[in-house]
Structures are given as C-alpha cells and as structure tokens.
Amino acid sequence: MTTLRFRSRPPTGLVQLRLPEVRFRFLDALWIQVTGTHCNIACRHCFISCGPKADQIPMMSAEEVEQTLEEGQTLGMRQVYFTGGEPFLHPDLRRIIRAALRLAPLTIVTNGLLLDDAAVAMILEESERTRYSLDLRVSLDGTTAEENDRVRGRGTFERVLETLRRLGRAGLSPVVVVVEHEGIVRTEARDRFQQFVRDLGIARPRVQFLPLFRNGREMRRTHGYHDLGLLASAPLLGEVESQLPCATGRAVTSQGVYTCPMLVEHGSARIGDRLPTSLHPIRLNWDTCQTCILDGMRSIN
Ligand code: SF4
Ligand code: SF4
C-alpha cells in the first residue's frame, strides 16, 4: 500500500484543475512498442486493448525500431524495453534484438506463450553474444489457473508454466511480472510467488508486482477511474515526481512518442513525432496517472 504523498490535502468537489507537472530528467528507459497493439491473446485487464485483431497501433518496421534506437543512443538512453502487444510476434525480432543489444541492455516484455524451444534457444544465443544483459519479463497473474486464467484466458496458466520451466532448463532467469488484479495482494503473494517460481526450476526467482491500470480493456471490466480531482492542486513531492516512469522514460510507437507505455492509446499523451523533440515537461492530464501516484507505480526498472 502506497501513501498518498501530496504536499497538502487535495480539494474535493468541482475545482479548476491545475494538474501536477513532471519534468523530464534523463532518458533512463526507452520503451519501444515494436508490435503495436498486435497480440496473440486478449487479456481482460490489458491496459492497451491489445489482441489478435487489434490494429489501432500498427507494428513498427525493423527500420523504424533501428532509427529509434539510434536516436535513443544519441540522447543517452540507459536501457531499452520491447513491448507490444506481444514482441515475439515481430517478424524481425532477432534483427531488432541485435540492434538494441549493440547499444544498451534490453528487456523484452512478453506473455511467454510463444517462447517455444527455438525462441528460447535464440534468446540464449543472443544473450551469450552481447556485452549487455538481455532480460525477459514474463506475465503470470496467479499461482493457480483460476487466478491467472480469469484475466489472461483459459489455458494460459499451464502454457506460461511450460515456458517458465523451459527457460529454467535453459538456465535463464526471467522476471515474473504479476499484475495486482483482484485476489493478488502484494504483501501476501510475494513469498508465495517466489516459492512457486522456484519450484518451476528457476534458480533465482525474480518477481515484480505491477499495479492495475484501469484503462484500455480493463476500463470495461472495472469501470475505470472516477476522480481526476485527486491529482489536482498541489505539486508532487520531488521524490515522487522523479521516480515516475515519465520522468525518466518515453514510449515510442509507430505513431509517435508517448509519455509512457500505459498511455499509448491516448491521443493527448502523444507528445512528439520523434524522441529528440519529446523530452520536455508534461502535465499529468490523464486519470491513469492516479495509479502511478497513488498505487505506487515508480520507475519500472
Ligand atoms: S496484457 Fe499483454 S499479453 Fe495480455 S493482451 Fe495485453 S499485451 Fe497481450
Ligand atoms: S500514467 Fe504514470 S508514467 Fe504515464 S504520464 Fe501518468 S504518471 Fe507518468
């Protein structure tokens, strides 16, 4: 549970909103939405409405990804994330992995369902030929099929477990990412998840909990946010501001640059055509920002 950390108590009722500003500090994380909204599944809690038929944000070409990486390097990026959708659907995945790993550590955020033996072997090979780290973040939203499949779809639990065992046999140690949907409470679940992942053969289990963002498809499930006034009236404490993902990162898609990966479907969060012109201060104009500030979404590294 994160404490509400405003300088003063936010107002209630109808107010003239003066939403907090976040200054851009430096380019720590460059998120590249390599497959747009294209995904092999359609999770009920997906905060971007991704799915097999979701084409609202098209896939990026390998050339677009490479150009973005070059811009990121010029701007001093420290690490790269490939997101989607599902990055393992990208037809030139190996090429763009190599392009990223020539410049910086890379993390691929995946649902894990396409990681067959060949994909795992490819990841192993690429991680052995680079001086930077190549990390996987694999989503698993419960330690039982009932918990996980409720939001990710029937049968996904067993398939992700197969992937985690396969990665464990290959000596790879992915970060298991758990979204805090109902029934998943961080404090109670951490030990349970650590042991669960260890039992799958991952020698050094790493588990990361993410708060539930109530936009995208998740908005239809839990009816979104209700009170933007919670963000109004007071500047953020410096330590809160500096730890927000949008203070040290940007999300690049085939349709431009966005404040962060959570808002790539919000036209108003599009803050530039290209990275070099997108590193300016922003105002937290989106109800989704409540989750970052109130539920503890800090830099997702
Ligand atoms: S949450 Fe991830 S795996 Fe699920 S539909 Fe969205 S992008 Fe795909
Ligand atoms: S959702 Fe979070 S990371 Fe994105 S702009 Fe709002 S506060 Fe920043």
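Both ligands and their constituent atoms are indexed starting at 1 by order of listing. Not measured: the values here are computed from a predicted model. Any value given below was found using the heavy atoms of this structure, including those in side chains, with hydrogens, waters and symmetry copies removed.
- Look at Gly51 and you'll find every heavy atom at least 4.0 Å from all atoms of ligand 1.
- For the pair Glu147 and Arg192, the salt-bridge criterion is met [side-chain N within less than 4.0 Å of a carboxylate O].
- Counting heavy atoms closer than 4.0 Å to ligand 2, residue Cys289 contributes atoms from both its backbone and its side chain.
- Between Ile97 atom CD1 and Thr130 atom OG1 the span is 11.0 Å, to the nearest 0.5 Å.
- Interface atoms of ligand 2 facing Leu263, defined by a heavy-atom separation under 4.0 Å, are 1 (S), 4 (Fe), 5 (S).
- Using a 4.0 Å cut-off between a side-chain N of Lys or Arg and a carboxylate O of Asp or Glu, Glu63 and Arg95 qualify as a salt bridge.
- The closest protein non-hydrogen atom to atom 3 (S) of ligand 1 is Asn111 ND2, 3.4 Å.
- In this structure, Arg102 does not pair ionically with Glu66, as no charged nitrogen and carboxylate oxygen lie closer than 4.0 Å.
- Between atom CG of residue Asp92 and atom CE of residue Met59 there is a gap of 9.5 Å, rounded to the nearest 0.5 Å.
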### Query
Passes side-chain hydrogen bond (donor to acceptor under 3.5 Å, both in side chains), Ser139 versus Asn111? Steps please.
CA-CA 5 Å; Ser139 300; Asn111 59 39; over 6 Å; no
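- Below 4.0 Å from some heavy atom of Thr259 lie the following atoms of ligand 2, by number and element: 5 (S).
- Backbone or side-chain N, O or S atoms of Cys46 reach atom 6 (Fe) of ligand 1 at under 2.8 Å.
- With respect to atom 4 (Fe) of ligand 1, the closest heavy atom belonging to the protein is Cys43 SG, 2.3 Å.
- Using a 4.0 Å heavy-atom cutoff, Ile41 is listed among the residues neighbouring ligand 1.
- Distance from atom 8 (Fe) of ligand 1 to its nearest protein heavy atom, with residue and atom name: Cys39 SG, 2.3 Å.
- Residues Val178 and Gln208 fail the side-chain proximity criterion, which asks for heavy atoms closer than 4.5 Å.
- Of the protein's non-hydrogen atoms, Arg152 NH1, 4.3 Å is the one closest to atom 2 (Fe) of ligand 1.
- Under a 4.0 Å criterion applied to the non-hydrogen atoms of Cys292, ligand 2 contributes the atoms 1 (S), 2 (Fe), 3 (S), 7 (S).
- Ring planes of Phe193 and Phe209: perpendicular class, angle over 60° (limits at 30 and 60°).
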